[in-house]
Amino acid sequence: MLNRDKLERIGIDKLVLSGIKIETDKKSLFTEGQGWVEEKFEIKEELFSIEKTIKLYESGEIREVTYLRFNPNRLLHGHNIYNARNFELKESIHRLMSLLKSKNISIDLTEAKISEIEININLDLTFEEYKEVFTLLFLKLPKLRKIGNINLNESYKKLFSDSTLDGGWKNHKVRVYDKKREVDDKNLLDFELTRLEWWLSSSTYKYYATERFNIDNTLEALLEDHNILDKIFIELCHEKLFKEAYRYLEKELEPNLELSYLQFKKQNKLARATGRTPKKNVYKYLEDNSWIFDYFNLIEIVKKHNKKHRGREIERIEHKYPHLNNKEKLSYLVSIILPHKSQLVGQTKTS
């Protein structure tokens with residue numbers, strides 16, 4: 001049975017280290033090009049991969065690059081549903097070094113630095129129910145992709161339903177996805193789980209570690225600072241997701257919904273004045289032509305522009321759209337990921 005305490009927290013999924021020293025008797029591959037000779041050693045296994053490249057140029061310049069890739073949780077638990085805190089990362093490294101030693105590979109991590117890192121949080125919620133909230137968070141990201149699963153046993157509408165959103169920049173990306181769909185073993189994960197995950201390159205991690213939080217980008221510093229994962233993850237979510245989402249909600253999405261409502265009323269008024277049959281069902285029109293993010297937005301519009309039938313229309317909205325409570329869901333998500341920062345996010349949305 002999965003340990004909930006290891007699920008619903010911020011931690012490391014995957015890690016790539018550079019600057020490691022490797023000693024092994026395994027054979028290297030030599031390649032010769034114009035003005036250079038390269039020696040390359042590479043090993044790829046289920047739990048880790050190692051790459052070492054030494055390139056010698058005619059000028060005498062030598063370039064050496066080494067990488068160690070692994071998932072701490074696969075080493076510790078055999079799956080990547082959990083994520084790793086600092087002490088678990090340390091434990092996984094000890095286990096990895098023992099494994100490498102059994103294969104006659106010795107590594108020295110004294111000068112290791114973070115080359116890539118994936119930091120995530122597992123959320124005890126259903127991806128489908130929060131999909132509109134995630135869409136709002138991701139809508140303005142560069143290179144946004146919506147990835148779907150083929151659901152052959154479900155209705156036509158759900159045939160290619162989205163199960164992943166991802167986007168971001170060259171040196172850091174963010175993804176949210178249905179973790180339950182990703183895990184093949186339903187006996188291992190038999191309940192709904194959604195994962196929000198940031199991938200950081202060496203340059204992005206170095207910026208946040210050194211410029212924002214005053215530690216260096218070494219493995220040693222990562223192991224010693226028990227709060228650095230939370231600080232980086234929360235900062236990224238606050239600055240790159242929530243602030244922009246609240247701004248878009250207030251400055252664009254809600255005003256556009258109100259404009260569509262007024263446009264419908266204007267068209268009907270003109271139709272009556274010219275003897276034509278006015279359209280019915282303004283809410284169906286808004287569904288087809290706008291984004292009703294939250295039913296409360298409709299109530300506010302009715303209070304403002306249909307005072308004569310306000311009571312009747314509010315009752316109609318509350319009956320038809322109670323499932324569109326996405327502001328409540330957004331606030332809940334903020335409270336989980338940004339503890340004690342809900343008020344701060346609310347303030348920044350108007351700036």
Side-chain angles (χ1 to χ4, degrees), residues 125-142 144-151 154-165 167 176 178 194 241-334 345-346 349-350:
L125 49 84
T126 305
F127 180 89
E128 184 66 27
E129 290 179 3
Y130 276 73
K131 189 163 66 176
E132 287 196 54
V133 175
F134 294 136
T135 300
L136 179 72
L137 295 178
F138 279 64
L139 194 61
K140 291 293 187 175
L141 290 182
L144 172 63
R145 294 190 304 158
K146 298 175 75 175
I147 304 167
N149 286 83
I150 301 176
N151 306 302
E154 299 190 50
S155 68
Y156 176 77
K157 273 188 171 183
K158 296 181 179 179
L159 192 60
F160 296 100
S161 63
D162 299 329
S163 60
T164 301
L165 293 169
V176 63
D178 187 335
T194 296
L241 294 181
F242 290 115
K243 280 178 67 174
E244 178 58 31
Y246 274 103
R247 188 210 65 79
Y248 179 75
L249 181 62
E250 184 179 77
K251 301 297 184 183
E252 298 184 50
L253 196 155
E254 292 174 349
N256 287 339
L257 182 66
E258 184 176 7
L259 286 174
S260 292
Y261 179 91
L262 294 175
Q263 183 67 25
F264 180 90
K265 293 296 184 181
K266 182 179 179 180
Q267 289 172 356
N268 273 2
K269 185 177 180 180
L270 182 61
R272 284 189 288 268
T274 55
R276 292 181 289 113
T277 303
K279 294 180 180 180
K280 295 182 179 180
N281 199 340
V282 63
Y283 306 116
K284 179 65 168 62
Y285 174 84
L286 293 177
E287 286 181 37
D288 294 338
N289 294 278
S290 299
W291 184 2
I292 306 174
F293 184 75
D294 195 284
Y295 78 97
F296 190 70
N297 295 138
L298 294 178
I299 290 175
E300 288 298 300
I301 290 171
V302 166
K303 284 181 178 179
K304 185 176 177 181
H305 298 291
N306 193 357
K307 295 179 181 179
K308 183 178 179 181
H309 303 110
R310 180 172 60 182
R312 181 193 70 190
E313 292 304 301
I314 290 175
E315 184 177 345
R316 183 180 174 190
I317 291 165
E318 289 176 339
H319 175 74
K320 187 174 178 61
Y321 299 106
H323 60 290
L324 294 181
N325 60 332
N326 288 313
K327 283 186 174 181
E328 181 183 337
K329 291 174 183 175
L330 177 59
S331 295
Y332 177 66
L333 199 58
V334 169
V345 173
K349 69 174 181 173
T350 59

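We're numbering straight along the sequence, starting at 1.
Taking Lys140 as the reference, Glu252 meet the salt bridge (charged side-chain N to carboxylate O under 4.0 Å, His left out) condition, with sequence neighbours excluded. Contacts of Ser290 classified as side-chain contact (heavy atoms from CB on, under 4.5 Å), with partners at least two apart in sequence or in another chain: Leu257, Ser260, Leu286. With sequence neighbours excluded, the residues forming a side-chain contact (heavy atoms from CB on, under 4.5 Å) with Ile314 are Ile299, Val302, Lys303, Arg310, Glu318, listed by chain and number. Under the salt bridge (charged side-chain N to carboxylate O under 4.0 Å, His left out) criterion, Lys265 pairs with no residue, sequence neighbours left out. Partners of Lys304 by salt bridge (charged side-chain N to carboxylate O under 4.0 Å, His left out), not counting sequence neighbours, listed by chain and number: Glu258.
Closest of all the heavy-atom pairs between Tyr283 and Ile317 is OH-CD1, 3.7 Å. Between Gln263 and Tyr285 the shortest heavy-atom distance is CG-OH, 4.1 Å. Here the closest heavy-atom approach between residue Leu137 and residue Leu330 is recorded as CD2-CD1, 4.1 Å. Looking at every heavy atom in both residues, Asp294 comes nearest to Glu328 through OD2-N, 4.2 Å.
More than 12 heavy atoms of other shown residues, nucleotides or ligands fall within 6.0 angstrom of atom OH in Tyr248. More than 12 heavy atoms of other residues, nucleotides or ligands shown are found within 6.0 angstrom of NE2 on His323. Atom NZ of Lys146 has 12 or fewer heavy atoms from other residues, nucleotides or ligands within 6.0 Å. Enclosure of atom CZ in Arg316 by more than 12 non-hydrogen atoms of other residues, nucleotides or ligands within 6.0 angstrom is indicated.
Sorted by first and then second residue, the pairs that involve residues 292-314 and meet ring-ring contact (aromatic ring centres under 6.0 Å, His included), not counting sequence neighbours, are Trp291-Phe293.
Between Glu287 and Lys284 there is no salt bridge, since no side-chain nitrogen of the basic residue lies less than 4.0 Å from a carboxylate oxygen of the acidic one. A salt bridge does not link Arg312 to Glu315: none of the charged nitrogens lies less than 4.0 Å from a carboxylate oxygen.
Note: Leu298 CG to Ile292 CD1 = 4.5 Å, rounded to the nearest 0.5 Å. For the atom pair CD1 (Ile301) and CG (Asn306), the distance works out to 11.5 Å, reported to the nearest 0.5 Å. The distance from the CZ atom of Phe134 to the CG atom of Asp162 is 12.5 Å, given to the nearest 0.5 Å. Atoms CG and OH, from Asn326 and Tyr332 in turn, are 15.0 Å apart once rounded to the nearest 0.5 Å. Annotation: the span from Lys269 atom NZ to Leu262 atom CG amounts to 11.5 Å, rounded to 0.5 Å.
In this structure, Asn268 contributes its side chain and Lys279 its backbone to a donor-acceptor pair below 3.5 Å. Remark: side-chain polar atoms of Lys327 are not paired, donor with acceptor, to backbone N or O of Asn297 under 3.5 angstrom.
Between Leu333 and Val133 the shortest side-chain heavy-atom distance falls below 4.5 Å.
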